[in-house]
> 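Quick one: this structure, given as structure tokens, is what I'll be asking you about.
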Amino acid sequence: MVTTPTSLNKTPAERFLHLQSANNSLIVQLEPAPAIVYWGNKFSREQPLSAALFDAPVGQARLDSHIPLALCPEQGRGDFGSPGIEGHRNGKDWAPVFELISVTESLSSARLTISDPRASLEIMIELALDEDSDVLTLKQRLINTGSADYTVNRFALTLPLAETFSDIISFHGRWSHEFQMQRTPLEHSGFIQENRRGRTSHESFPGMIALHPNSNDLSGDVIGMHFGWSGNHRLQAQVKSDGRRYIQAEALLAAGEVILPPGEAFDTPTLYAVFSANGLNGMMQKFHQYVRSSLLQFPPSSARPVHFNTWEGIYFDHQPRRIMAMADAVARLGVERFILDDGWFINRDNDTRALGDWQVDKRKYPDGLTPMIDHINQLGMEFGLWVEPEMVSKDSELFRNHPDWMLGLDTLGYTQPSGRYQFVLDLQNQDAYHYLLSSLDTLLTEHNIAYLKWDMNRELVQAGHDSRPAYHLQTLALYQLIDDLRARHPYVEIESCASGGGRIDYEVLKRTHRFWTSDCNDALERQRIQQGMQLFFPPEVMGSHIGPRQSHTTRRCHDMSLRGITALFGHMGAELDPIGLEDNELRAFARYIGLHKQYRPLLHHGKCFNLPSHDPNTRIYGVMDDSVTLLAVAQLAMPQYALSGQLRLPVLCANKRYRVEVLDSPAAFSHTMKHKPVWMDKPLTIQGDQLIQIGLSLPLMDPESAMLLSFTLV
Ligand code: GLA
């Protein structure tokens with residue numbers, strides 16, 4: 001790192017920073033205000049950068065100088081877009097204009113300090129390109145250098161987009177229907193997404209993708225971005241009237257939520273972004289590479305164990321002998337980790353009560369959990385336990401003893417609505433915090449628990465601490481709580497669940513190991529949910545379970561192959577009552593679990609991709625390494641055409657030969673076809689360029705069915 005105090009007497013080349021990673025260059029123009037003026041394909045640093053490239057015209061009837069689209073856009077400088085900072089000191093210091101005071105840079109990163117002594121504010125901007133994956137991280141710190149409090153209304157991270165990025169993909173959803181993608185043109189007046197639910201949310205995943213109108217899975221320029229934050233947020237993509245465009249991400253603050261005392265700092269969460277010249281697949285692969293190398297902290301064990309979860313099998317009906325019989329049954333199927341879900345603690349007979357009382361219910365478990373855990377361990381499986389630490393039921397000992405530990409404004413006379421009959425504990429209340437830490441610590445110390453499913457089933461409403469808004473600090477306190485627990489139990493893995501996919505983001509992933517993707521185990525719904533999630537998260541953190549034949553959330557019925565193939569491409573598990581299942585269904589479970597284990601190294605370390613299809617109801621996706629490509633074809637609804645077209649595989653190598661094999665297909669193909677394509681009947685060896693250019697004739701598939709193929713290098 002080289003630190004340079006800035007001065008205005010710089011040569012043109014010194015007015016720019018040129019950061020580089022494996023494939024990308026990023027240029028920051030330092031004056032008059034630091035602004036990213038290029039981010040895209042890499043070019044050489046050897047030749048001096050021509051400053052003339054960045055000299056913009058100044059139009060008539062505008063301000064008389066060119067106003068940069070700065071990393072921190074300033075209203076006071078004449079930027080009429082969304083400012084990077086909004087706040088005031090008792091009504092003053094509301095329009096700061098910053099001057100660059102220092103730059104620290106390396107080949108791939110820079111820290112810029114900008115200051116406005118008149119407003120007594122300083123901002124530190126940190127930019128870093130990950131040298132291998134090209135992922136850009138951006139974060140900022142605001143420091144109050146004055147002698148009076150400064151109220152922060154907004155503090156945002158801003159990334160410019162080239163004017164060619166004229167489409168965006170955003171994500172919407174709801175419970176059991178997460179990660180739904182929407183592609184729209186990015187036009188005048190832009191796009192804005194606000195999340196005020198107090199957790200990452202099912203509704204507004206904090207991610208967005210900007211792309212050229214003709215960019216697709218395989219090709220074209222794409223910028224993906226994800227705001228790593230588990231609380232309220234605002235994301236926007238804006239087009240200025242001059243055509244310049246940008247994306248902006250910020251923690252959404254309630255009025256008066258952040259008041260900075262003199263000398264104190266306020267940090268933004270981190271914005272993760274990546275430029276790919278190879279379409280959405282390139283973006284996804286870079287995000288996966290980054291998550292694997294920089295965020296995930298798996299214990300030094302080997303593979304991700306196959307799960308069994310009791311929830312949809314027994315719900316609140318906990319009988320240890322029956323649960324042990326379930327364990328016997330699933331151990332035979334190849335399950336490696338058994339998770340006891342909700343219902344094990346005092347009086348938790350349904351979802352209206354008992355949250356907060358984290359002691360084993362002796363009515364249900366007279367000998368405690370240990371005999372059952374021992375039994376599970378003896379079967380060769382790890383044991384995991386469900387908890388929901390941030391919550392309290394009014395019908396609980398905890399609430400009766402400590403009604404004041406609840407997050408809210410109830411002491412002021414307000415009554416907040418319950419959610420799933422429960423309320424949130426105030427994690428800034430030190431007594432509540434230490435009660436939770438010690439309860440969880442005791443559970444983990446007294447039992448052989450390898451895994452916690454950490455749930456969070458209620459949104460924050462009127463979240464107040466000492467009468468003040470507490471959304472932001474509640475989120476930071478949650479991170480602290482998990483960090484403190486992990487410091488005491490570093491080998492216990494944690495699953496982040498919030499009614500399924502309500503808390504899925506990179507910041508919580510730094511301290512957890514798996515997401516419960518969705519409460520929806522309907523394989524058909526899961527196809528789209530997992531497609532959206534996988535753009536940002538690799539399969540090994542995407543919890544995906546084979547559920548019962550009839551889905552509990554949608555009542556749809558699916559055969560085993562759609563259920564098995566869909567669950568295979570994630571962190572696989574099973575969730576149902578295995579007792580009483582027919583032998584053929586048990587055999588099928590064992591088979592898909594076996595397939596998952598066989599391909600697990602590939603599934604959890606390989607490169608994921610999606611392929612286009614001419615039928616919008618067909619989804620083709622896979623994962624590959626240097627020798628094997630595993631590919632699924634899922635027919636999600638009635639085929640649009642009487643023939644299914646060719647399966648072309650541009651991800652393969654033209655000059656290599658591949659053994660093509662059908663690993664799994666729906667049982668009842670005969671009613672769709674009198675003749676099946678011959679390649680389906682026995683493995684064949686085919687030249688790569690023929691698979692790329694001509695492709696295989698796809699069979700006719702029923703709606704809601706799937707097929708699994710492998711292409712192995714010979
Ligand atoms: C939430 C979770 C489920 C299950 C239940 C238990 O809904 O998403 O998987 O754990 O809570 O109450």
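Whatever order the structure lists them in is the order used to number ligands and atoms, beginning at 1.
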> Take the angle between the ring planes of Trp405 and His402 and call it parallel below 30°, perpendicular above 60°, tilted in between.
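Answer is parallel, since the angle falls under 30°.
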> Is it the side chain (CB and beyond), the backbone, both or neither of Asn309 that lies under 4.0 Å from ligand 1, heavy atoms counted?
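Within the 4.0 Å criterion, Asn309 makes no contact with ligand 1.
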> Could you list the atoms of ligand 1 found under 4.0 angstrom from a heavy atom of Cys497?
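The atoms of ligand 1 under 4.0 Å from a heavy atom of Cys497 are 2 (C), 8 (O).
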> Quick check: Phe298 with His604 (ring centres under 6.0 Å apart)?
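When the ring centroids of His604 and Phe298 are compared, they turn out to be at least 6.0 Å apart.
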> Is there a side chain to side chain contact (heavy atoms under 4.5 Å, CB included) between Leu295 and Tyr290? Walk through the geometry before answering.
CA-CA 7 Å; Leu295 297 185; Tyr290 181 79; 4.0 Å; yes
> Looking only at distances, please establish whether an N/O atom of ligand 1 is found under 3.5 Å from an N/O atom of Ala498.
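Ala498 vs ligand 1: no N/O contact under 3.5 Å.
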> Would you check, one step at a time, whether the test side chain to side chain contact (heavy atoms under 4.5 Å, CB included) holds for Arg363 with Asn347?
CA-CA 8 Å; Arg363 289 174 311 152; Asn347 287 332; 3.7 Å; yes
> Quick check: does Trp311 get an N/O under 3.5 Å from an N/O on ligand 1?
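Checking ligand 1 against Trp311, no N or O pair falls under 3.5 Å apart.
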> Just distance, no hydrogens or angles: give the donor-acceptor pairs under 3.5 Å from side chains in residues 531-539, sequence neighbours left out.
unit_1, atom_1, unit_2, atom_2, d
Gln531, OE1, Arg528, NH1, 2.8

> Report yes if Asp342 has an N/O atom closer than 3.5 Å to an N/O atom of ligand 1; otherwise report no.
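The answer is yes, given that Asp342 and ligand 1 share an N or O pair closer than 3.5 Å.
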> When you measure from the heavy atoms of Lys453 to every atom of ligand 1, does any distance fall below 4.0 Å?
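Lys453 counts as a contact of ligand 1 under the 4.0 Å cut-off.
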> Taking the six-membered ring for Trp, are His447 and Phe383 closer than 6.0 Å centroid to centroid?
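Distance test on ring centres: not under 6.0 Å, no.
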> If the cut-off is 4.0 Å to any non-hydrogen atom of Asn457, which atoms of ligand 1 fall inside it?
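Counting from 1, the qualifying ligand atoms are 1 (C), 7 (O), 11 (O).
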> Any non-hydrogen atom of Asp519 lying under 4.0 Å from ligand 1?
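Yes, Asp519 has heavy atoms under 4.0 Å from ligand 1.
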> Heavy-atom contacts under 4.0 Å between Glu575 and ligand 1: side chain, backbone, both, or neither?
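It is neither; nothing of Glu575 touches ligand 1.
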> What protein heavy atom sits nearest atom 4 (C) of ligand 1, and how far away is it?
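The protein heavy atom lying closest is Asp341 OD1, 3.4 Å.
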> Counting C-beta onward and ignoring hydrogens, is there a side-chain heavy-atom pair between His172 and Gln193 closer than 4.5 Å?
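A side-chain contact is absent here, since even the closest heavy-atom pair is not under 4.5 Å.
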> Using heavy atoms and a threshold below 4.0 Å, how should the contact between Ser499 and ligand 1 be classified: side chain, backbone, both, or neither?
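The answer is the backbone.
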> Please work out whether the ring planes of His226 and Tyr272 are parallel, tilted or perpendicular, with thresholds of 30° and 60°.
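The rings of His226 and Tyr272 lie parallel, inter-plane angle below 30°.
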> Exactly one of Phe308, Trp386, Tyr451 should register a ring-ring contact (aromatic ring centres under 6.0 Å, His included) with Phe338. Which one does?
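Option passing the ring-ring contact (aromatic ring centres under 6.0 Å, His included) with Phe338: Phe308.
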> With backbone taken as N, CA, C and O and side chain as the heavy atoms from C-beta onward, which portion of Asp455 lies under 4.0 Å from ligand 1: side chain, backbone, both, or neither?
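Answer for Asp455: side chain.
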> Can you list the atoms of ligand 1 that are under 4.0 Å from a heavy atom of Trp516?
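Numbered from 1, ligand 1 contributes 8 (O), 9 (O).
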